[in-house]
Amino acid sequence: MIRLAVIGTNWITKQFIEAALFTEKYQLSAIYSRSMDSARSFAQQFPTAAPLLFDDLSALAASSAIDAVYIASPNSFHAEQAIQLLHSGKHVICEKPLAANYALAQRMFETAEQNQVVLCEAFMSPHTPNFKTLEAELPRIGRLTKVFISYCQYSSRYPKYLAGENPNTFNPAFANGSMVDIGFYCLASAVTLFGEPRQVSAQAQLLPSGVDGSGSVILAYDGFEVVLQHSKTSDSLLPSEFQGEDGVLHMSMISIGKQITKTLRGQATEDLSVQQHSNPMIYEALDFAEKIVNNHIDPEAKQRSLVVAKLLTEIRRQTGVVFPQD
């Protein structure tokens with residue numbers, strides 16, 4: 001059993017714990033929060049686990065009762081926390097985006113390699129069965145001509161922002177905003193499928209706080225382009241679309257691979273969706289466990305994370321979004 005600690009006491013941490021426990025490869029050993037009351041309250045959701053509670057990161061890092069840590073703190077804390085834990089010999093799976101900028105992401109992987117531990121970015125999409133189906137089906141629609149990847153979702157925190165509050169979601173101090181949050185799924189999916197583009201062009205609608213509320217990105221590849229659409233200030237019902245000379249693939253909610261269809265020219269639309277677990281984080285939890293057992297950093301996953309970090313940094317440069325970590 002992998003003795004798992006978590007950093008963060010929000011809904012996504014709960015979802016990852018449930019996924020990890022479902023795999024039967026982990027036991028919940030520790031919970032960290034800046035507030036001991038928050039850690040204690042969160043632990044009550046897992047009464048059979050009886051995890052250790054921490055409000056001191058150095059104490060967690062030094063604990064011999066922990067093998068691996070899932071980090072779901074605000075983006076601005078990812079690199080600092082991960083580097084400390086990696087130095088202490090802990091395996092780390094860190095929520096996306098891995099770091100606030102490219103330089104910090106590089107330091108994180110360097111630290112993992114120096115200490116011979118595993119570092120993974122918690123990007124669930126490519127591990128889901130329907131995303132794997134998408135990858136397998138792309139060659140069957142002929143030469144790609146255009147790709148459109150969309151993720152737009154009105155944030156539950158946006159009304160608070162409009163009311164004059166300063167939630168993390170729209171606060172540059174926490175290295176946040178639309179592109180690095182839900183736009184990440186669009187960008188990282190494109191990099192997973194097609195690699196690093198030869199050119200990137202981005203624009204965004206900035207909020208008075210200094211982060212982007214929405215925007216779009218064009219990634220140029222040889223022979224085709226990928227258009228990314230993201231927003232945290234509006235909803236979209238459009239699926240992502242992959243156009244080839246012989247047909248079209250549609251995927252709804254690319255973040256979790258909800259449904260995939262294929263329409264070849266002159267033929268009826270075919271639903272290619274396969275059954276997935278309702279908790280899509282199970283697949284990345286299984287992948288992380290396998291890497292820990294083999295003590296192996298996947299070079300392809302590492303390269304994807306670094307390319308995405310580099311592109312996110314460039315996109316922010318083009319759109320004028322600045323984080324304190326820069």
Side-chain angles (χ1 to χ4, degrees), residues 2-17 19-20 26 28-40 42-43 51-124 167-169 171-177 180-181 184 281 284-285 288 291-292 297 301-302 305-306 308-309 312-313 323-326:
I2 298 166
R3 298 171 300 172
L4 178 71
V6 298
I7 293 179
T9 54
N10 50 35
W11 66 269
I12 199 167
T13 309
K14 182 175 185 290
Q15 186 174 351
F16 185 83
I17 292 172
Y26 301 85
L28 178 60
S29 296
I31 294 170
Y32 167 88
S33 175
R34 288 174 291 175
S35 161
M36 187 59 77
D37 287 341
S38 294
R40 191 175 294 111
F42 186 76
L52 300 171
L53 304 180
F54 293 90
D55 61 1
D56 182 327
L57 190 65
S58 295
L60 184 149
S63 174
S64 60
I66 298 163
D67 302 313
V69 184
Y70 168 73
I71 297 177
S73 54
N75 300 342
S76 56
F77 299 139
H78 286 182
E80 179 183 355
Q81 291 174 339
I83 288 170
Q84 182 173 352
L85 293 164
L86 293 165
H87 270 306
S88 299
K90 304 293 189 282
H91 304 290
V92 170
I93 180 168
C94 182
E95 262 305 329
K96 55 81 191 166
L98 195 63
N101 58 43
Y102 179 47
L104 289 172
Q106 288 177 301
R107 281 184 54 200
M108 291 167 73
F109 276 109
E110 289 168 0
T111 305
E113 290 164 356
Q114 289 166 2
N115 291 276
Q116 298 183 327
V117 287
V118 173
L119 171 64
C120 287
E121 187 167 35
F123 170 41
M124 62 185 171
N168 294 0
T169 310
N171 189 340
F174 292 99
N176 224 319
V180 299
D181 185 3
F184 178 97
M281 300 182 88
E284 68 178 355
F288 184 46
K291 288 180 170 59
I292 291 173
I297 293 180
K302 172 188 172 183
S305 292
L306 289 175
V308 170
L312 285 173
T313 303
F323 296 153
Q325 295 78 6
D326 298 332

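Residue indices begin at 1 and follow the sequence shown.
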### Query
So Ile66 and Tyr32, side chain to side chain contact (heavy atoms under 4.5 Å, CB included) or not? Walk me through it.
CA-CA 12 Å; Ile66 298 163; Tyr32 167 88; over 6 Å; no
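- Looking at residues two or more places apart in sequence or on another chain, you find no salt bridge (charged side-chain N to carboxylate O under 4.0 Å, His left out) involving Glu110.
- For the atom pair CD1 of Ile83 and OG of Ser88, the computed distance is 12.0 Å after rounding to the nearest 0.5 Å.
- In this structure, Lys96 and Asp181 have side chains that are in contact, with non-hydrogen atoms separated by less than 4.5 Å.
- Among residues at least two apart or in separate chains, there is no ring pair (Phe, Tyr, Trp, His ring centres under 6.0 Å) pair with a member in residues 87-112.
- Across Lys90 and Ala61, no two heavy atoms sit closer than the pair NZ-O, 2.8 Å.
- By the neighbour-count criterion of 12 heavy atoms within 6.0 Å, atom CD of Gln15 is densely surrounded, having more than that number from other residues, nucleotides or ligands.
- With values rounded to the nearest 0.5 angstrom, Ile31 atom CD1 is found 9.5 Å from Leu52 atom CG.
- Note that CZ of Phe77 and CD1 of Ile7 are 11.0 Å apart. Values are rounded to the nearest 0.5 Å.
- Between the side chain of Tyr26 and the main chain of Ala285, a donor-acceptor pair closer than 3.5 Å is present.
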### Task
Under the ring-ring contact (aromatic ring centres under 6.0 Å, His included) rule, what do Phe323 and Phe174 come out as? Steps first, then yes or no, please.
CA-CA 8 Å; Phe323 296 153; Phe174 292 99; over 10 Å; no
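- At a threshold of 4.5 Å between non-hydrogen side-chain atoms, the residues Pro97 and Val308 do not count as touching.
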### Query
What do the steps show when you test Leu98 against Met108 for side chain to side chain contact (heavy atoms under 4.5 Å, CB included), and what is the final call?
CA-CA 9 Å; Leu98 195 63; Met108 291 167 73; 3.6 Å; yes
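- In this structure, Asn115 contributes its side chain and Thr111 its backbone to a donor-acceptor pair below 3.5 Å.
- In this structure, CG on Leu57 lies 4.0 Å from CD on Gln84, to the nearest 0.5 angstrom.
- With His78 as the partner, the side-chain contact (heavy atoms from CB on, under 4.5 Å) test is satisfied by one option alone out of Ile71, Leu104, Val92: Ile71.
- Between Pro324 and Asp326 there is no side-chain heavy-atom pair separated by less than 4.5 Å.
- Across all their heavy atoms, Gln325 and Ala175 have their closest contact at OE1-CB, 4.1 Å.
- Taking CG from Leu85 and OG from Ser63, the interatomic distance works out to 11.0 Å, rounded to the nearest 0.5 Å.
- Here the CE atom belonging to Met281 is positioned 12.0 Å from the CZ atom belonging to Phe288, to the nearest 0.5 angstrom.
- Remark: Asp67 engages Arg3 in a salt bridge (charged side-chain N to carboxylate O under 4.0 Å, His left out) (not counting sequence neighbours).
- Taking each heavy atom of Pro74 and Asn168 in turn, the nearest pair found is CG-ND2, 3.9 Å.
- The two residues Ile292 and Ala68 have their closest heavy-atom pair at CD1-CB, 3.8 Å.
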### Task
Apply the test side chain to side chain contact (heavy atoms under 4.5 Å, CB included) to residues Val6 and Ile17: give CA-CA distance (whole Å), side-chain angles for both, the deciding distance (0.1 Å), then the verdict.
CA-CA 8 Å; Val6 298; Ile17 292 172; 3.7 Å; yes
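- For Tyr70, the ring pair (Phe, Tyr, Trp, His ring centres under 6.0 Å) partners are Phe16, not counting sequence neighbours.
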### Task
Start with the C-alpha distance between Lys302 and Glu113, add both sets of side-chain angles, then the distance that settles salt bridge (charged side-chain N to carboxylate O under 4.0 Å, His left out), and finish with yes or no.
CA-CA 11 Å; Lys302 172 188 172 183; Glu113 290 164 356; 2.6 Å; yes
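- Counting heavy atoms from C-beta on, the side chains of Asn171 and Asn176 never come closer than 4.5 Å.
- Scanning for salt bridge (charged side-chain N to carboxylate O under 4.0 Å, His left out) contacts around Asp37 gives Arg40, with sequence neighbours left out.
- Across all their heavy atoms, Pro51 and Leu28 have their closest contact at CB-O, 4.0 Å.
- Around atom CD of Gln116, no more than 12 heavy atoms belonging to other residues, nucleotides or ligands sit under 6.0 Å away.
- A donor-acceptor pair under 3.5 Å links the side-chain atoms of Ser35 to the main chain of Ser38, judged by distance alone.
- Note on residues 53-66: no pairs pass salt bridge (charged side-chain N to carboxylate O under 4.0 Å, His left out), not counting sequence neighbours.
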### Query
Stepwise, does the side chain to side chain contact (heavy atoms under 4.5 Å, CB included) test hold for Phe54 with Met36?
CA-CA 7 Å; Phe54 293 90; Met36 187 59 77; 5.6 Å; no
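- Between Thr9 and Ala39, the shortest heavy-atom contact is CG2-CA, 4.3 Å.
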